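Okay, structure first, notes after.
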2 protein chains.
Amino acid sequence: MLRVQNSPRRRYREQVIGEIKQAALAQIDAGGPGALSLNAVAKTLGVSGPALYKYFRNRDELLTVLLLDAYDDVAGAVRETLEATADEPARHRLWALAAAFLGWAAAQPHRFALIAGTPLPGYEAPPESVGKARAVLGPFLTVLAQGRPAPVAGSLTGQLGEWAATTPAVADWVRTWAPDGDPALLLTTVLSVWSRLHGVVSLTVHGQFTGMGFDPAALLRAEMDAVADRLGLD
Amino acid sequence: MLRVQNSPRRRYREQVIGEIKQAALAQIDAGGPGALSLNAVAKTLGVSGPALYKYFRNRDELLTVLLLDAYDDVAGAVRETLEATADEPARHRLWALAAAFLGWAAAQPHRFALIAGTPLPGYEAPPESVGKARAVLGPFLTVLAQGRPAPVAGSLTGQLGEWAATTPAVADWVRTWAPDGDPALLLTTVLSVWSRLHGVVSLTVHGQFTGMGFDPAALLRAEMDAVADRLGLD
DNA sequence: GCACTTTGGTTAGAGGTTGTAACCATCGTA
DNA sequence: TACGATGGTTACAACCTCTAACCAAAGTGC
């Protein structure tokens, strides 16, 4: 009877970890990732500061867990949107995916800041975050493949084709989401989507568009329209 | 004989302020804006921590000064590029402006983080930073006006036209850099440029493109090409 | 059932931060 | 020359991250 994974003690530990994460997120919500204080989290839970080190090796590990959770969360939102729009024209799906991302980020700007590569002193995102970012962008590949991706002038498409040819994980990723697509062309386009998405979302949640009288969702839609036009998406 | 602005004491004060800023930038360089420690700056200068409060009201004020300096610096780089490319075709000018911005940010990623709206606990960028951001984008308006800016589908162009019509500072800004341009159309386009620029640069300096085998400058060029195509820029 | 191990908590404390108050020396001004 | 401004100091409050040592309770194996 192997009970290692299911005991009162195990359940207690999971519960406490959940409470720690919750309290930590509330703090990050109020002041950004840099405002995370293990002491303040501990006070919220009614334990001493050092008690938290029984659950997380250090502050960075807690940040890492929160970051990976955030990725999973937004990836889930995007994937659900892909599924929910299965019957819609590709252009609409692209809008919806982008809107889902923007909506997620606007609802939790500081979680977005966690995944956006925001510099934190001494902190470095873990290697796994690369795979998580691909999970977020995967659904976009599916939609982009419904158009006719084209190369761009310059060296970019060639460089990306090289990358796909020499990195099996990347080729697999593209194949998973767009089985019949050309990796170099799809990477070229998804990179464009990613940087535009990131640009609009980042400027939005960091308040840089404040006072400018326009709706960031309208800008994002226009940017996705420009992508769709290039692809010949209906 | 009014000597208030020019005395040994005044000059000493300016020198010390300069040294503080320099030491602060070195720290930010090493660990990002959040790593700024007034104590460590003081130690670098061989004075006590509280001595710095004679020059800056608090840490935020030092961050603000550094942020405004960074804006002036990058705005200068972009403006110089505009002037240096006066004889080139508009498309090349657009490339050059974007490349100047990327080059500046890549050379000092943490100064870029300062102006990019990176969340810092309790810190809020000052109102003047809006005008500074416009100084950075102004030269782009000049180049964009050499093409035929067009509206985009959706509400964006209308919203931006409304903003320009109700905000004299914005209308003045557009007129300063593109005297004969249509504000709504130019704002629509410069917003697109800004978000693409920000997207590529931000992902670049935050290391999110690391290991992907392509040159971010090639991506940025492709994005500016897409803008130029839309404008009919030579 | 008992002895040992593991887990989960505590306190004490080191070394760091930001910022204030009080004090003092020096310079500048009226 | 007296007073005010400037520029420095130390002491300290309140906060941070994290480690070490200790102890109580739960879990495990014989």
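Chain letters run A, B, ... following the sequence lines, proteins first and then strands; every chain starts at 1. Note that the coordinates shown come from a computational prediction; the quantities given were computed from them, not determined experimentally.
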Query - Residue pairs involving residues 112-143 of chain B (criterion ring pair (Phe, Tyr, Trp, His ring centres under 6.0 Å); sequence neighbours excluded) - result: B:F112-B:H198
Query raised in the report: What is the nucleic acid contact for B:V47, judged by heavy atoms within less than 4.0 Å: base, sugar-phosphate only, or nothing?
Result: sugar-phosphate
Requested in this report: Using salt bridge (Lys or Arg N to Asp or Glu O under 4.0 Å) as the criterion, list what pairs up with A:R9, not counting sequence neighbours.
Outcome: none
What's touching nucleotides 14-21 of chain C from the protein side, N or O pairs under 3.5 Å?
{"unit_1": "C:dT17", "atom_1": "OP1", "unit_2": "B:S37", "atom_2": "OG", "d": "3.0"}
{"unit_1": "C:dT17", "atom_1": "OP2", "unit_2": "B:N39", "atom_2": "ND2", "d": "3.3"}
{"unit_1": "C:dT18", "atom_1": "OP1", "unit_2": "B:L36", "atom_2": "O", "d": "3.3"}
{"unit_1": "C:dT18", "atom_1": "OP1", "unit_2": "B:L38", "atom_2": "N", "d": "2.9"}
{"unit_1": "C:dT18", "atom_1": "OP2", "unit_2": "B:L38", "atom_2": "N", "d": "3.1"}
{"unit_1": "C:dT18", "atom_1": "OP2", "unit_2": "B:N39", "atom_2": "N", "d": "3.0"}
{"unit_1": "C:dG19", "atom_1": "OP2", "unit_2": "B:Y53", "atom_2": "OH", "d": "3.3"}
{"unit_1": "C:dG19", "atom_1": "OP2", "unit_2": "B:R59", "atom_2": "N", "d": "2.8"}

Requested in this report: Would you mind telling me which residue lines up with the more 5' stretch of DNA chain C, B:P8 or A:A51, judged by nearest nucleotide?
Outcome: A:A51
Requested in this report: Could you tell me the separation between the CG atom of A:L45 and the C1' atom of C:dT10, rounded to a whole number of Å?
Outcome: 16 Å
Query raised in the report: What is the distance, rounded to the nearest whole Å, between atom CG of A:L120 and atom C1' of D:dC16?
Result: 15 Å
Report summary line: In short, side chain to side chain donor-acceptor pair (under 3.5 Å) pairs touching residues 126-135 of chain A with sequence neighbours left out are A:D72-A:K132
Query raised in the report: Tell me, which of residues 18-30 of chain B have any heavy atom that sits under 4.0 Å from an atom in DNA chain D?
Result: none
Query - Those residues that, when tested against A:D69, pass salt bridge (Lys or Arg N to Asp or Glu O under 4.0 Å) (two or more places apart) - result: A:K21
Query raised in the report: Within the pair B:S48 and D:dT9, is there a side-chain N or O less than 4.0 Å away from OP1 or OP2?
Result: yes
With 3.5 Å as the limit, what N/O pairs link the protein to nucleotides 4-7 of chain C?
{"unit_1": "C:dT7", "atom_1": "O4'", "unit_2": "A:R9", "atom_2": "NH2", "d": "3.0"}
{"unit_1": "C:dT7", "atom_1": "O3'", "unit_2": "A:R9", "atom_2": "NE", "d": "3.4"}
{"unit_1": "C:dT7", "atom_1": "O2", "unit_2": "A:R9", "atom_2": "NH2", "d": "3.2"}

Report summary line: With sequence neighbours left out, the residues meeting salt bridge (Lys or Arg N to Asp or Glu O under 4.0 Å) with B:R13 are none
Query - Heavy-atom side-chain contact between B:L219 and B:L203 under 4.5 Å - result: no
**Report entry** Within residues 93-112 of chain A or reaching into it, pairs that qualify as side chain to side chain donor-acceptor pair (under 3.5 Å) - sequence neighbours excluded
**Finding:** A:D73-A:W104, A:D73-A:R111, A:T85-A:R93, A:R93-A:Q146, A:W95-A:D225, A:Q108-A:R111
Report task. Tell me, please, which residues at least two apart from A:W194 pass ring pair (Phe, Tyr, Trp, His ring centres under 6.0 Å). Result -> B:F209
**Report entry** Nearest-angstrom distance from the residue atom CG of A:L52 to P of D:dC16
**Finding:** 12 Å
Query raised in the report: Tell me the side chain to side chain donor-acceptor pair (under 3.5 Å) pairs involving residues 212-224 of chain B, sequence neighbours left out?
Result: A:S192-B:E223, A:R196-B:E223
Query - Sequence-distant partners of B:E61, salt bridge (Lys or Arg N to Asp or Glu O under 4.0 Å), two or more places apart - result: B:R57
Query raised in the report: Are any of B:Y12's side-chain N or O atoms less than 4.0 Å away from OP1 or OP2 of D:dG8?
Result: yes
Query raised in the report: In whole angstrom, what separates A:K54's NZ from D:dA25's C1'?
Result: 13 Å
Query raised in the report: Taking C-beta and beyond as the side chain, do A:V190 and A:V174 meet within less than 4.5 Å on heavy atoms?
Result: no
